[in-house]
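We use all heavy atoms of the structure for the numbers below, so side chains are in, but hydrogens, waters and symmetry mates are not.
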Amino acid sequence: FYESEEEILNKKVLTKPVLETISQIGNPEDRMRLYLMYALDTDLSPDTTEACEAALRAAGCDMAPTLWVRDVKRFQKTMMQGPIAASHGDQGLFSHATKMMKLGGDLWKQGVKKLVPTSGD
């Protein structure tokens with residue numbers, strides 16, 4: 001999991017697909033953590049999302065975090081819709097909220113990066 005997590009955090013091409021990893025190895029918590037990192041960092045297709053969630057269910061994972069990810073993604077898409085923001089005449093508020101969402105995601109990644117052991121550990 002370490003290698004895949006590092007690749008996600010450093011925006012590298014994954015050497016092994018996340019679905020393959022979460023389907024084959026690790027405890028439920030490791031599998032869910034990897035999926036959450038990937039889902040928050042990537043724009044997953046509905047088919048990929050469903051396949052990953054099915055693999056997580058089969059591994060006995062608590063699926064509550066996936067609902068949170070869906071809510072976050074839905075909120076991000078709503079905030080990114082320019083015509084809605086412009087139609088309200090308060091583009092500054094939506095622009096600020098979008099920046100805050102990006103900052104929150106960046107801070108989350110930094111926090112996760114600190115939890116992942118380095119190669120020297």
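Using a 4.5 Å cut-off on side-chain heavy atoms (C-beta onward), Thr21 and Tyr38 make no contact. Contact annotation: the side chain of Gln24 approaches that of Lys16 to within less than 4.5 Å [non-hydrogen atoms, C-beta and beyond].
The two residues Pro28 and Ala59 have their closest heavy-atom pair at CG-O, 3.5 Å. In plain terms, the two heavy atoms of Ile22 and Cys52 that are nearest each other are CD1-O, 3.7 Å. Taking all atoms of both residues into account, the shortest heavy-atom contact from Arg31 to Cys61 is CB-SG, 4.3 Å.
Rounded to the nearest 0.5 Å, atoms OG1 (Thr48) and CG (Leu19) are 7.5 Å apart. The CE atom of Met32 sits 6.5 Å away from atom CG of Asp62, with the distance rounded to the nearest 0.5 Å.
Leu67 and Leu34 sit in two unconnected hydrophobic clusters of ILVMFWY residues. Membership requires side-chain heavy atoms under 4.5 Å apart, directly or through other members.
Here Thr49 pairs with Tyr35, Leu44, Glu53, Arg70 under the side-chain contact (heavy atoms from CB on, under 4.5 Å) rule; sequence neighbours left out.
Thr42 places no side-chain N or O within donor-acceptor distance of the main-chain N or O of Ala39, the cut-off being under 3.5 Å.
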